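Each chain gets a letter, A, B and so on, in the order its sequence line appears, and its residues count up from 1. As the structure is a prediction and not an experimental result, all values here were calculated from the model.
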Protein chains: 2
Amino acid sequence: MAGVRLRDVAERAGVSIRTVSNAVNGYAPVSDEVRARVEAAVAELGYKPNLMARNFKRGRTGLITLVVPELDVPYFSELARAVITKARAHGYTVVVDQTDGEPDRERELVMRDSAAAAMFDGVILSPLALTHADLARRGADQPLVLLGERIAESAYDHVAIDNVAAARTATEHLLDLGRRRIAAVGDQPWESGETAQLRTRGYRDAHEARGLAVEESLIVTTRRFHLASGAEAMAALLEHPQGPPDAVFCYNDLVALGAIRTLLTNGVRIPEDIAVVGFDDIEAGRYNTPTLTTISPDKTAIAQLAVDRLIARLDKEDETAPAELWAPYELVVRESTVAPV
Amino acid sequence: MAGVRLRDVAERAGVSIRTVSNAVNGYAPVSDEVRARVEAAVAELGYKPNLMARNFKRGRTGLITLVVPELDVPYFSELARAVITKARAHGYTVVVDQTDGEPDRERELVMRDSAAAAMFDGVILSPLALTHADLARRGADQPLVLLGERIAESAYDHVAIDNVAAARTATEHLLDLGRRRIAAVGDQPWESGETAQLRTRGYRDAHEARGLAVEESLIVTTRRFHLASGAEAMAALLEHPQGPPDAVFCYNDLVALGAIRTLLTNGVRIPEDIAVVGFDDIEAGRYNTPTLTTISPDKTAIAQLAVDRLIARLDKEDETAPAELWAPYELVVRESTVAPV
DNA sequence: CTGAAAGCGCTTACAG
DNA sequence: CTGAAAGCGCTTACAG
């Protein structure tokens, strides 16, 4: 059955290659009678189009790549799921690439001059290490949509939630509960730490808006956003010279779950002694004990906005200037801040 | 810069297209002097090979697809990560496709007659709905490696752990702790439930080997292996007519974590009142409170075995009969069965 | 609505 | 070690 070409079908159906191509692709109007003959020939011969030839000729693969730091971090796997589903609805196939935070790997996939990137019609990137300077050197022939706020105000479309406002909302929730010594875990005051810095900004804003001073030693830096980072940071906070905080705002849910682990093993009651808020709303937080209060970014909306925009660029349907696209988020209050009645 | 072809480079370097191709691909021996001229021309012109043309001509894309039910289930995202990493080391790119357990979607990707599958050089599939009958109708021209024990003894290579032995190990651990009313959560006594059935087999074997009767009503069926399934099943077990069990063997970690959630909200002590064992060793179980005792399949080994075999088939290096490839596993004892001292 | 034909940019026998 | 040329299987102006 292999090796059946368009021309074999054409011969069998007694029409030209052109007509078979039209019929198979549903392009130009083909008379019903001819279409039926072609379809019969396709079925008899077991013809399947050679996608590599088609891609080659069309100059497109129908492939887009989603580049994320780590696929097994729940936030990214949940996001990847949504992107794959949305892209499929448009007829595109998604290749998920993980960079492990390696700057070179990230550049390789995004910079059009690398062979690795050449197979993809477009790129959706959640950058970790890439800089504005890198992007400035990028050829503009392959559409790129950025995710998150690592790189804002570039020459590319950019989907994010308002991290400052979201972090402020999370912090205000703790302040509303009467907490006054709120730790912030996950600050990253270095070049690639823009997202974390925005969350720290929101944390500060919440305090400033109420005339409350921020206790600088309660802002804890973590290199990564993993369970282990949260567990370690929390252990350090429990040893704080002025005593442990009465609440913790963690910059993602993994950090929060790691922190909770440390608290529980130390006999600290949550939320009575220390309340905990996370960020991302991963599924694990909904079944943890205590369940985790968190900022829930609308991942489906993020995926939808990113895919729609990328495809609009691919199809040249949208040639407006690159824009910031904002996805909604909400605070989900659970047991880690408000004990069940 | 775009549109630079091999022939442009050839003209610039004053050699034939053939020679440029050889130099670029590092194929045949090219004299150092000529190579230098070609490389200079490549650099000056900014030449990048057209991968679609190359794929077309070679009849290969360098793409393999990993088909899993759900990408945001931790076991699969952790596995996907490993497969992507291993495949990249061989120069292959992985497309992760999720089927959401839809049989048609699974068939579409695996059956060679669909257009969707035509772009991939090979397939690694963790089947959920596909049957032996489906596979029997599959063309043999595209290598396929199966993951897990859903479909054993087919005409394809097959990577798995020994589920019967692993489940038996898990159950024996609980028996060794003196537990006698051990529930099994996750049985799936229907066609696509082979993996679950093997685990039930191991659970029974452990009892039989010690001359202990299995209390049939303690074997609980769940349609899926999610957190919610475990939470619901555990709630039902707490209402068991003969009283709750004194231990639970859950068929994956999500089910176990869901069960733990139900136990903790009902004031049940773990492991004192009820001990819990999971299966998969996902990261969340290592930071849960209590940490989760579980069967840990060596996911890296699974990925390595699957990728190595697939590529050996692709390269025709391995034309032996399809085989069962066994990956190691181990029981990891944590707080959910043995309280910390 | 359909046909005959060019050409996408590579790889690779065939010669030398 | 290198050249001239065929051909992979499509899509698509160009005609009619």
Side-chain angles (χ1 to χ4, degrees), chain A residues 1-42 45-63 91 112 115 117-119 121 141 315, chain B residues 1-39 41-42 45-63 91 112-113 115 117-119 121 141 315:
Chain A
M1 283 302 177
V4 180
R5 297 152 304 164
L6 219 39
R7 61 170 301 176
D8 300 320
V9 178
E11 276 176 20
R12 178 77 161 224
V15 295
S16 75
I17 291 181
R18 157 81 197 231
T19 301
V20 178
S21 177
N22 282 342
V24 167
N25 290 302
Y27 281 166
V30 177
S31 70
D32 287 349
E33 193 259 323
V34 170
R35 179 181 306 281
R37 283 221 311 279
V38 170
E39 281 169 1
V42 165
L45 266 31
Y47 169 73
K48 282 157 285 179
N50 180 324
L51 294 192
M52 298 176 220
R54 178 182 289 176
N55 290 340
F56 166 50
K57 185 63 190 169
R58 289 186 180 166
R60 291 176 154 222
T61 56
L63 247 34
R112 217 348 183 178
M119 274 190 73
D121 295 343
D141 50 336
D315 296 345
Chain B
M1 284 303 176
V4 180
R5 296 153 306 164
L6 218 38
R7 62 170 302 177
D8 301 321
V9 177
E11 277 176 20
R12 177 80 163 220
V15 297
S16 77
I17 291 180
R18 158 81 198 232
T19 301
V20 179
S21 178
N22 283 343
V24 167
N25 290 303
Y27 281 165
V30 177
S31 68
D32 287 350
E33 192 260 321
V34 169
R35 181 182 306 280
R37 283 222 310 278
V38 170
E39 280 169 1
V42 165
L45 265 32
Y47 169 74
K48 283 158 284 180
N50 179 326
L51 294 191
M52 298 177 219
R54 177 182 290 174
N55 290 341
F56 167 50
K57 183 65 191 169
R58 288 186 181 167
R60 290 176 153 223
T61 56
L63 249 32
R112 206 14 173 163
D113 48 270
M119 273 190 74
D121 294 343
D141 50 336
D315 296 345

Using a cut-off of strictly less than 4.0 Å, decide whether [X] has a side-chain nitrogen or oxygen near OP1 or OP2 of [N].
X      : N       : result
T19(B) : dG3(D)  : yes
R58(A) : dC10(D) : no
S16(A) : dA4(C)  : no

Atom of [X], atom of [Y] and distance for their closest heavy-atom approach:
X      : Y      : result
V9(B)  : V38(B) : CG1-O, 4.2 Å
N55(A) : M52(B) : O-SD, 3.4 Å
R12(A) : A41(A) : CG-CB, 3.5 Å

What's the closest nucleotide to the [X] side chain, out of [options]?
X      : options                  : value
N22(B) : dC10(D), dT12(C), dT2(C) : dT12(C)
A53(A) : dC10(D), dT2(D), dT11(D) : dC10(D)
S31(A) : dG9(C), dT2(D), dC1(C)   : dC1(C)

Atom-to-atom span, [atom1] of [X] to [atom2] of [N] - whole angstrom:
X      : N       : atom1 : atom2 : answer
K57(A) : dA5(C)  : NZ    : C1'   : 11 Å
E11(B) : dG9(C)  : CD    : C1'   : 14 Å
D8(B)  : dC8(C)  : CG    : P     : 11 Å
R7(B)  : dG3(D)  : CZ    : C1'   : 14 Å
N50(A) : dG9(D)  : CG    : C1'   : 6 Å
L45(B) : dG9(C)  : CG    : C1'   : 15 Å
K48(B) : dC10(C) : NZ    : P     : 12 Å
R5(A)  : dG7(D)  : CZ    : C1'   : 11 Å

- request: With pairs defined as Watson-Crick or G-U wobble and both distances under 3.5 angstrom, please note down DNA chain C as a dot-bracket string, | for pairing with another strand.
  value: |||.||||||||.|||
- request: Just jot down the salt bridge (charged side-chain N to carboxylate O under 4.0 Å, His left out) partners of R58(B), sequence neighbours excluded, or say none.
  value: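 R58(B) satisfies salt bridge (charged side-chain N to carboxylate O under 4.0 Å, His left out) with no other residue.
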field: Sequence-distant partners of E39(A), salt bridge (charged side-chain N to carboxylate O under 4.0 Å, His left out), two or more places apart
entry: none
Separation of D32(B) CG from R37(B) CZ (nearest 0.5 Å):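 It comes to 12.5 Å.
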Spacing of CZ belonging to R54(A) relative to OG1 belonging to T61(A), to within rounding of 0.5 Å: 13.0 Å
query: Rounding to the closest angstrom, what is the interatomic distance between dT12(D) and dG16(D) at atom C1'?
result: 16 Å
query: What pairs with L6(A) under side-chain contact (heavy atoms from CB on, under 4.5 Å), at least two apart in sequence or on another chain?
result: I17(A), V20(A), S21(A), Y47(A)
- prompt: With sequence neighbours left out, what residues match D8(B) under side-chain contact (heavy atoms from CB on, under 4.5 Å)?
  reply: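 V4(B), R5(B), L45(B).
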- request: Please answer whether dC8(C) and F56(A) are stacked, defined here as ring centres separated by less than 5.5 Å and planes angled under 30°.
  value: yes
Pairs: protein N or O with nucleotides 13-15 of chain D N or O, under 3.5 Å:
{"unit_1": "dA13(D)", "atom_1": "N7", "unit_2": "R18(A)", "atom_2": "NH1", "d": "3.4"}
{"unit_1": "dA13(D)", "atom_1": "N6", "unit_2": "R18(A)", "atom_2": "NH1", "d": "2.8"}

